[in-house]
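What follows is a set of notes on a single structure, which appears directly below.
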Amino acid sequence: MTSQINFINDLLWGSILIYVLIGIGIYFTYRLNFIQFRHFKHMFSIMKNSRKSDSSGISSFQALCTSLAARVGSGNMAGVAVALTLGGPGAIFWMWLIAMLGMATAFAESALAQLYKTRDDDGNYRGGPAYYMERGLDMRWMGVVFSICLIIAFGLVFNAVQANSITQATYVAFGWQPLYVGFGLVVLTGIIIFGGLRTIARTAEILVPTMALCYLGLALFIMLSNIDQLPHILLLIFRSAFGFEEAASGALGYTIAQGMINGLKRGLFSNEAGMGSAPNAAASATPYPPHPASQGYVQMLGVFIDTIVICSATVAIILMSGEYELHSSITGIELTQKAISSQVGDWGGIFIAVAIFFFSFTSLVANYSYAETNLIFLKHNNKMSMNIFRVVVLGMVMFGALADLPTVWAMADISMAMMAMINLAAIVLLSGTVVKLAQDYNQQLALGKIPIFNRQDYPELHAQLDAEIWEQLPVLSRPDRDR
């Protein structure tokens, strides 16, 4: 079983997706005029009014926290350690690269999710790739295939990955048996997911910023304590990315291609840019400014925070610790715990266990919310179907708590590769609409206006959009002109 999974993984990542991800990231970076660099400051300034919402949606800040809840978890702590162990320090360069390019891709998919969103039977905003495939491309079949892949990936496999990281971390820190930890996770997760989307958003809004700041604070302390090592570590990453380190040392090591593949895989797993996951949260938001492009900026910020900030913090912790060793059997969350403990003492391992619990737990419930949105798209949103699915999700949480780490990660790699390929094809087909949205938003911003989406400016989209959602909205406050 494991050999077949690894074969499919090697085919998807080694021959297909690695090139597609870079190519489409470059494509959107160019089509959007390097938006992630030119408007970098605006990503932060747009959050000033991010707590505005209405009765149908969550706030932009809650949408950001929900998407970060799904992003920030195993990938940031365990995934970075896996990338370093398998691909060497050079893998981190490729992780950074895919994040910077992926910010433009994230803008595209999240702006489209906002544009084509609709309301469910309870009046809540719902949307995402499946919805823009159906409405924007008139390809419901494509949306159905994507929804099935997302439900398998986020509702099932990724939740097993997060549960696996939690049980491994608590076992290393406290010696707690995975069976009992898994049972506790099932109970806690069940309480949240049976409470609905708004309960998930409120949970993420509280837990994600708190734990991220604590983790970054500890990472900053370790970096400042070892500041003399920082130039050497940066040089090591860049030299290893292009094979100079291996050539200088004469070591066989992993090739450039292997470092690239591991960096891109773990980078995509962590920031999810182009995968089609974060747009499900973006579509649930009431955007401010009231324009689909504003959620594109919010989710670009999410990619930056996840990979460039939080993943880099983990990299610094591991490489400064002296615990890192290429091809070591100690990898994943155990390596991160050992690295922290070597710097701050035994309580470091306990801190990581607590941090990974909260990060991965919020990922569990955010992942479920994505799957729920796609169940609704498939019209399986009656109470019985939803409750059956929730029970299956909880079963996968228990499976992940007890499963073998390499098998779980390999399953996650396949599922996210399938999702990404379908979603990337869709957003390229809709790239003309993405460009028009970005131009409209920035033209209004340049004139000192609050960017407002007006359906009348998009006659070609009238039949595709929900008219009740995208009527021209009133101006609520002064424009944010800081770009």
Side-chain angles (χ1 to χ4, degrees), residues 1-2 5 8 66 69-70 73-74 120-122 124 126 128-131 143-168 178-201 203-204 269 272 275-278 280-281 284 357 360-405 407-419 422:
M1 177 66 175
T2 302
I5 291 174
I8 297 172
T66 300
S74 300
D120 63 20
D121 293 340
D122 296 322
N124 299 315
R126 295 283 183 175
Y131 293 78
V144 168
V145 174
F146 176 85
S147 290
I148 292 171
C149 289
L150 185 143
I151 289 166
I152 293 171
F154 279 81
L156 305 177
V157 178
F158 283 9
N159 278 342
V161 170
Q162 302 297 348
N164 185 275
S165 290
I166 291 173
T167 54
Q168 291 297 315
L179 177 63
Y180 304 123
V181 175
F183 180 76
L185 280 176
V186 167
V187 173
L188 291 174
T189 305
I191 292 172
I192 302 297
I193 68 175
F194 277 91
L197 179 61
R198 291 183 184 275
T199 302
I200 292 171
T203 302
F269 180 83
E272 301 175 10
M275 197 190 301
S277 50
N280 293 274
S284 300
F357 171 81
S360 295
F361 177 69
T362 53
S363 293
L364 285 174
V365 294
N367 289 348
Y368 166 78
S369 74
Y370 294 169
E372 181 180 272
T373 292
N374 285 269
L375 272 176
I376 291 172
F377 175 82
L378 295 175
K379 308 301 182 185
H380 291 290
N381 57 326
N382 61 74
K383 286 188 176 180
M384 179 176 292
S385 297
M386 201 66 75
N387 287 334
I388 290 173
F389 179 69
R390 287 166 178 163
V391 171
V392 174
V393 169
L394 297 178
M396 283 300 293
V397 171
M398 179 58 78
F399 165 76
L402 304 175
D404 182 52
L405 178 64
T407 301
V408 173
W409 277 107
M411 290 170 63
D413 287 339
I414 291 176
S415 56
M416 73 177 176
M418 296 301 297
M419 276 182 58
I422 298 169

Take atom CE of M418 as the centre, draw a 6.0 Å sphere, and report whether it contains more than 12 heavy atoms from other residues, nucleotides or ligands.
->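 No, not enclosed.
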If you take all heavy atoms of G143 and F377, which pair is closest and at what distance?
->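 That closest heavy-atom pairing would be C-CE2, 3.5 Å.
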Hey, could you give me the [atom1]/[atom2] distance between [X] and [Y], rounded to the nearest 0.5 Å?
| X | Y | atom1 | atom2 | value |
| --- | --- | --- | --- | --- |
| M396 | L156 | CE | CG | 5.5 Å |
| F154 | L364 | CZ | CG | 12.0 Å |
| F158 | M419 | CZ | CE | 6.5 Å |
| T373 | I151 | OG1 | CD1 | 10.0 Å |
| M275 | L150 | CE | CG | 9.5 Å |

Do the non-hydrogen side-chain atoms of N280 and P129 ever get within less than 4.5 Å of each other?
->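 The answer is yes; the side chains approach within 4.5 Å.
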Are the side chains of F389 and E372 in touch, meaning some heavy atoms are under 4.5 Å apart?
->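 F389 vs E372: side chains apart.
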Result block: side-chain N/O donor-acceptor pairs under 3.5 angstrom for residues 181-195, not counting sequence neighbours:
from : atom 1 : to   : atom 2 : distance (Å)
T189 : OG1    : L185 : O      : 2.7

side-chain contact (heavy atoms from CB on, under 4.5 Å) partners for Y180, two or more places apart |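 side-chain contact (heavy atoms from CB on, under 4.5 Å) check on Y180 returns Q177.
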side-chain contact (heavy atoms from CB on, under 4.5 Å) against I422, all qualifying residues, sequence neighbours excluded |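 So I422 forms a side-chain contact (heavy atoms from CB on, under 4.5 Å) with M133, M142, V145, F146, C149.
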Check whether any side-chain N or O of [X] sits under 3.5 Å from a backbone N or O of [Y] as a donor-acceptor pair, and report yes or no.
| X | Y | result |
| --- | --- | --- |
| T167 | P178 | no |
| N374 | A371 | no |
| N164 | A160 | no |

